[in-house]
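Comments concern the structure below.
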Amino acid sequence: MIPWVQLDSARTPDGAQELRLKRRGAEFSIMLGTNELMNSRLSGSEEALARLSCERIADAKRPGILIGGLGMGFTLRAALAALDRDAAVTVAELVPAVVVWARGPMSRIFDGCLDDPRVTLREADVGQLIRAETTAWDAILLDVDNGPEGIVYQGNDTLYSAAGLAAARAALKPGGVLAVWSQGPDGGFTRRLKQAGFAVEEINTRANGKRGARHVIWIATNQA
């Protein structure tokens with residue numbers, strides 16, 4: 001058995017927790033304490049987050065997409081594969097070290113997608129980008145935590161609150177989509193989405209195609 005090797009570590013923005021990048025052969029893992037946030041072998045549900053969102057906005061002209069969380073780039077690469085050349089994709093990543101890892105040890109996984117002319121990478125809080133403009137985005141994709149109840153960084157609490165969902169809806173164009181990834185179901189979050197005025201689909205998906213852990217994706221459409 002090839003042992004895991006820790007390549008680097010970084011603190012979360014509040015300084016309270018440590019992210020660790022590990023490698024075992026060609027496999028990568030990002031850990032938060034003893035909890036694995038993502039693994040390079042498991043990409044199915046993150047790819048589904050992008051695919052399902054892009055399907056819902058297929059008729060948009062020159063679509064603008066905001067992705068919260070760079071991670072291992074699974075959602076970004078899937079979005080680029082689904083979108084035409086006139087799309088614009090902004091990725092917000094709050095932890096600078098994750099960007100360094102993407103361009104360094106994990107560059108083969110990213111396969112040059114950060115250099116795609118459609119991509120703008122912002123080292124920023126996705127919540128601030130959401131609040132910065134109204135009627136700005138065709139889709140907002142959030143994969144910044146383990147879900148509304150699986151908060152990695154406490155500052156992200158507001159993304160899933162009534163106020164945060166109202167801000168997301170205001171930031172979307174009519175017919176735009178807010179898509180949220182979660183490690184499991186959350187009835188309270190589904191209710192908040194509906195109370196915020198979204199039409200809501202709750203979709204179950206697997207971590208790796210037809211196998212692996214069951215994850216949840218909310219597709220919330222702005223009916224304004």
Side-chain angles (χ1 to χ4, degrees), residues 1-54 65-82 89-116 118-126 141-147 150-153 156 179-184 205-217:
M1 176 68 71
I2 301 174
W4 284 103
V5 176
Q6 181 168 315
L7 301 180
D8 198 8
S9 64
R11 306 302 297 184
T12 54
D14 56 7
Q17 301 184 81
E18 184 181 59
L19 291 173
R20 293 179 292 132
L21 175 65
K22 300 173 69 176
R23 181 176 63 198
R24 181 174 63 185
E27 178 183 0
F28 289 88
S29 174
I30 295 179
M31 306 285 295
L32 181 73
T34 59
N35 181 30
E36 185 174 63
L37 296 182
M38 59 199 75
N39 185 290
S40 59
R41 296 186 299 106
L42 304 172
S43 60
S45 58
E46 288 87 351
E47 291 166 353
L49 178 70
R51 185 181 66 255
L52 292 167
S53 302
C54 292
I65 314 296
L66 174 62
I67 298 177
L70 176 60
M72 292 185 175
F74 301 135
T75 300
L76 172 59
R77 291 202 310 278
L80 293 173
V89 182
T90 298
V91 183
E93 174 52 57
L94 194 56
V95 181
V98 174
V99 178
V100 173
W101 299 344
R103 295 194 181 279
M106 294 195 296
S107 60
R108 192 171 76 170
I109 296 175
F110 279 80
D111 194 26
C113 68
L114 293 178
D115 298 318
D116 190 298
R118 293 171 291 178
V119 175
T120 299
L121 181 58
R122 299 280 303 275
E123 292 184 15
D125 181 345
V126 69
L141 283 58
L142 297 181
D143 183 11
V144 293
D145 296 290
N146 277 341
I151 304 297
V152 172
Y153 166 54
N156 288 336
V180 181
W181 183 96
S182 176
Q183 65 182 355
T205 186
R206 290 295 189 105
N208 195 21
K210 296 181 179 180
R211 299 177 296 152
R214 296 181 183 274
H215 297 152
V216 174
I217 296 170

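We use all heavy atoms of the structure for the numbers below, so side chains are in, but hydrogens, waters and symmetry mates are not. What you are looking at is a predicted structure, and each value in this text was computed from that prediction instead of being measured.
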When rounded to the nearest 0.5 angstrom, what distance separates [atom1] in [X] from [atom2] in [Y]?
X      : Y      : atom1 : atom2 : value
Phe28  : Met38  : CZ    : CE    : 13.5 Å
Leu32  : Glu18  : CG    : CD    : 9.0 Å
Phe74  : Ile109 : CZ    : CD1   : 6.0 Å
Ile30  : Lys22  : CD1   : NZ    : 12.5 Å
Ile65  : Leu76  : CD1   : CG    : 11.0 Å
Leu141 : Ser53  : CG    : OG    : 3.5 Å

* **Polar contact flag, side-chain donor to acceptor under 3.5 angstrom, Ser45-Trp181** => yes

* To do: Give a yes-or-no answer on whether the side chains of Glu46 and Thr75 include a donor-acceptor pair shorter than 3.5 Å.
  => no

* Partners of Ala78 by side chain to side chain contact (heavy atoms under 4.5 Å, CB included), sequence neighbours excluded? -> Glu47, Ala50

* Structure fact -> Hits for side chain to side chain contact (heavy atoms under 4.5 Å, CB included) against Ala10, two or more places apart or cross-chain, chain-then-number order -> Val95, Ala97, Trp101

Shortest non-hydrogen contact from [X] to [Y]?
X     : Y      : result
Ala79 : Ile67  : CB-CD1, 4.4 Å
Leu49 : Ala179 : CD1-CB, 3.6 Å
Ala48 : Thr205 : CB-OG1, 4.0 Å
Gly71 : Met106 : O-CE, 4.2 Å

pair [X]-[Y]: side-chain heavy atoms closer than 4.5 Å:
X      : Y      : value
Arg118 : Leu80  : yes
Trp4   : Glu27  : yes
Asn39  : Met72  : no
Asp143 : Val180 : no
Met1   : Arg24  : yes

* To do: I would like to know whether Leu70 and Leu114 meet side chain to side chain contact (heavy atoms under 4.5 Å, CB included); could you show each step before the answer?
  => CA-CA 10 Å; Leu70 176 60; Leu114 293 178; 4.0 Å; yes

* **Criterion side chain to side chain contact (heavy atoms under 4.5 Å, CB included) on Met31 and Leu37, from CA distance to verdict** => CA-CA 5 Å; Met31 306 285 295; Leu37 296 182; over 6 Å; no

* To do: Indicate yes or no: does Arg77 engage Asp116 in a salt bridge with an N to O separation below 4.0 Å.
  => no

* Thr90 and its side chain to side chain contact (heavy atoms under 4.5 Å, CB included) partner, picked from Leu121, Thr120, Val126, Val119 -> Thr120

* To do: Test side-chain hydrogen bond (donor to acceptor under 3.5 Å, both in side chains) on Glu36 and Ser29 and set out the steps.
  => CA-CA 7 Å; Glu36 185 174 63; Ser29 174; 2.6 Å; yes

* Counting only heavy atoms not in Arg122, do more than 12 sit closer than 6.0 Å to its CZ atom? -> no

* Is the side chain of Ser182 donor-acceptor paired with the backbone N or O of Val216 at a distance under 3.5 Å, no angle test? -> no

* Does Ser9 use its side chain to pair, donor to acceptor, with the backbone of Arg20 at less than 3.5 Å? -> no

* Run the numbers on Leu66 and Leu142 for side chain to side chain contact (heavy atoms under 4.5 Å, CB included), then give the verdict. => CA-CA 8 Å; Leu66 174 62; Leu142 297 181; over 6 Å; no

